[in-house]
Enquirer: 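Take this structure, written in structure tokens, and hold onto it; I'll ask about it next.
Residue numbers count from 1 along this sequence. Because only heavy atoms are used, hydrogens play no part in the values below, and waters and symmetry mates are left out as well, while side chains stay in. Quick caveat, the model's predicted, so the values are computed rather than measured.
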Amino acid sequence: METNTSPYPLQLTGELSPQLSRGLWLVKWLLAIPHFVVLCFLWVAFVVVDAVAFFAILFTGRYPRALFGFNVGVLRWTWRVGFYSYSALATDRYPPFTLADVPDYPARLEVAYPESLSRGLVLVKWWLLALPHYLVIAVFVGGAWAGGGIDRLYGGGGLVGLLVLFAGLTLLFKSRYPRPLYDFVLGMNRWAFRVAAYAALMTDVYPPFRLDMGGSEPPTGTADGQPLPMAPLTA
């Protein structure tokens, strides 16, 4: 298999706010309700768009660009809400109501558009090939995700939810967010969104079994200068 030092097609970043309210996180579930309602409808549309894209890829080898842009927007919106609420609690800045990228918001997500996709992989990657990742993500964000509850990406379940709760309690009593804890939480979120994009047929590049921690995307090589294997599977 050919090695590729390019970054993963999905890029997820998050900038931890230096000043966070000690107690605002206790009511963010209430403040974020409008977003949760909108996201429920957006994820229904996401699934419909994904089904249409499935047949488009199967017959043409391409993901329609307009549909791709919409689904990237849903992932982007989901990440901003999760970053604000219980997938990270890393900012007190209220998320914008938009599918578009907001460059000055502390949480951002982009997915590189693939000019072509494998017609064969579309039949198996979202269930068979992604299955090992589903088992990992079920631990990260809750078992419901593996059963189709992809909305848990912004709900803060599983290990992510537990660690974010610890972060919230630390904020409440010590007015600080432990940086190592933040880095670990961001790594798990990054893994989950990479798998979400792969399962949603948005890339043929198999997600790495690697916890890339921290708010910034990792470098394209390892610490010893060796490139990371990251080539698309072909069928």
Enquirer: Does any N or O in the side chain of R62 come within less than 3.5 Å of the main-chain N or O of S116, such that one atom is a donor and the other an acceptor?
Expert: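 Side chain of R62 to backbone of S116: no pair is present.
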
Enquirer: Between Y86 and W29, is there a donor-acceptor pair closer than 3.5 Å when you use the side chain of the first and the backbone of the second?
Expert: yes

Enquirer: Side-chain heavy atoms under 4.5 angstrom apart, residues restricted to Ile, Leu, Val, Met, Phe, Trp, Tyr: same cluster for L99 and V44?
Expert: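 Per the 4.5 Å side-chain linkage, L99 and V44 are not co-clustered.
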
Enquirer: Output a table of donor-acceptor pairs, distance under 3.5 Å, between side-chain atoms of residues 166-178 and any protein atom two or more places apart or on a different chain; print 'none' if there are none.
Expert:
| residue | atom | partner | partner atom | Å |
| --- | --- | --- | --- | --- |
| T170 | OG1 | F166 | O | 2.8 |
| Y177 | OH | A88 | O | 2.6 |

Enquirer: Find the distance between CG (L16) and CG (L186) and round it off to the nearest 0.5 Å.
Expert: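 Result: 8.5 Å between the selected atoms.
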
Enquirer: What are the two closest heavy atoms between D104 and R93, and how far apart are they?
Expert: O-NH1, 2.7 Å

Enquirer: Do R76 side-chain atoms and L109 backbone N/O form a donor-acceptor pair below 3.5 Å?
Expert: yes

Enquirer: Quick one: does L129's side chain get under 4.5 Å of Y198's, heavy atoms only?
Expert: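 Yes; the side chains approach each other to less than 4.5 Å.
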
Enquirer: Taking atom CZ of F41 as the centre, does the number of heavy atoms from other residues, nucleotides or ligands within less than 6.0 Å exceed 12?
Expert: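 Counting neighbours around CZ of F41, 12 or fewer heavy atoms of other residues, nucleotides or ligands fall under 6.0 Å, so no.
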
Enquirer: Any chance you could lay out the side chain to side chain contact (heavy atoms under 4.5 Å, CB included) test for W25 and S85, step after step, and finish with the verdict?
Expert: CA-CA 7 Å; W25 67 274; S85 60; over 6 Å; no

Enquirer: Given side chain to side chain contact (heavy atoms under 4.5 Å, CB included), test F184 with L211 step by step and report yes or no.
Expert: CA-CA 8 Å; F184 190 46; L211 191 63; 2.9 Å; yes

Enquirer: Is the ring centre of F193 less than 6.0 Å from the ring centre of W79?
Expert: yes

Enquirer: Is it true that the NZ or CZ of R194 lies under 6.0 Å from the centre of Y8's six-membered ring and within 45 degrees of the ring axis?
Expert: yes

Enquirer: Show, in sequence, the C-alpha distance, side-chain angles and deciding distance for H35 and Y94, and conclude whether the ring pair (Phe, Tyr, Trp, His ring centres under 6.0 Å) test is met.
Expert: CA-CA 10 Å; H35 279 287; Y94 199 70; 5.1 Å; yes

Enquirer: Quick one: pull up OG1 in T60 and CZ in R119 and give me the separation to the nearest 0.5 Å.
Expert: 6.5 Å

Enquirer: Compute the centroid of each ring, for H133 and then for Y206, and state whether the two points are separated by less than 6.0 Å.
Expert: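 Ring centroids of H133 and Y206 are less than 6.0 Å from each other.
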
Enquirer: Looking at side-chain heavy atoms only, is the closest gap between F83 and P95 below 4.5 Å?
Expert: no

Enquirer: Would you find a donor on one side and an acceptor on the other, under 3.5 Å apart, between the side chain of K125 and the backbone of T203?
Expert: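 Answer holds: yes.
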
Enquirer: Tell me, do L75 and M202 make a side-chain contact under 4.5 Å, heavy atoms counted?
Expert: yes

Enquirer: For residues L163 and M188, determine if any side-chain heavy atom of one lies less than 4.5 Å from a side-chain heavy atom of the other.
Expert: yes

Enquirer: Say you draw a straight line from CZ of R210 to CH2 of W191; how long is it, rounded to the nearest 0.5 Å?
Expert: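 Here the interatomic distance stands at 9.0 Å.
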
Enquirer: Give the C-alpha distance, both sets of side-chain angles, the deciding distance and a yes or no for side chain to side chain contact (heavy atoms under 4.5 Å, CB included) between L58 and L123.
Expert: CA-CA 8 Å; L58 185 61; L123 297 170; 3.9 Å; yes

Enquirer: Please check: side-chain N/O of D92 versus main-chain N/O of L24, any donor-acceptor pairing under 3.5 Å?
Expert: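 Not at all, since once roles are kept as given, no pair shorter than 3.5 Å links the two residues.
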
Enquirer: List the steps and the verdict of side chain to side chain contact (heavy atoms under 4.5 Å, CB included) for V122 and L117.
Expert: CA-CA 8 Å; V122 75; L117 292 165; over 6 Å; no

Enquirer: Heavy atoms only: give me the nearest A199-D50 pair and the separation to one decimal.
Expert: O-OD2, 4.2 Å

Enquirer: Do V48 and Y63 share a hydrophobic cluster (ILVMFWY, side-chain heavy atoms under 4.5 Å, transitive)?
Expert: no

Enquirer: CD of E217 to CZ of R190: how many Å apart, nearest 0.5 Å?
Expert: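 Result: 4.5 Å between the selected atoms.
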
Enquirer: Quick check against the 3.5 Å criterion: does D204 have a side-chain atom that pairs as donor or acceptor with the backbone of S118?
Expert: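 The answer is yes, because a donor-acceptor pair under 3.5 Å joins these two groups.
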
Enquirer: Between K28 (side chain) and Y84 (backbone), is there a donor-acceptor pair under 3.5 Å?
Expert: yes

Enquirer: Any side-chain donor paired with an acceptor under 3.5 Å for T91 and S17?
Expert: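 On atom types as modelled, these side chains qualify, holding a pair under 3.5 Å.
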
Enquirer: As an exercise, state the distance from CZ of F97 to CG of L39, rounded to the nearest 0.5 Å.
Expert: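 That separation rounds to 9.0 Å.
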
Enquirer: Would you check if the side chain of E15 reaches a backbone N or O of G215 as a donor-acceptor pair within less than 3.5 Å?
Expert: no

Enquirer: When you compare the side chain of V160 with that of V164, does any pair of heavy atoms fall below 4.5 Å?
Expert: yes

Enquirer: Not counting sequence neighbours, list each pair that qualifies as a ring pair (Phe, Tyr, Trp, His ring centres under 6.0 Å) and has a residue in residues 102-131.
Expert: F68-Y113

Enquirer: Please round to the nearest 0.5 Å and tell me the distance separating atom CG of N189 and atom CG of D212.
Expert: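 Answer rounded to 0.5 Å: 13.0 Å.
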
Enquirer: Test salt bridge (charged side-chain N to carboxylate O under 4.0 Å, His left out) on R80 and D101; report intermediate values, then the result.
Expert: CA-CA 10 Å; R80 287 193 297 246; D101 180 43; 5.2 Å; no

Enquirer: Less than 4.5 Å apart, any side-chain heavy atom of V139 and any of L135?
Expert: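 V139 vs L135: side chains apart.
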
Enquirer: Determine the minimum heavy-atom distance between V141 and A192, stating which atoms define it.
Expert: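 Taking every non-hydrogen atom into account, CG1-CB, 4.4 Å.
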
Enquirer: So W43 and F46, would you call those rings parallel, tilted or perpendicular, with 30° and 60° as cut-offs?
Expert: tilted

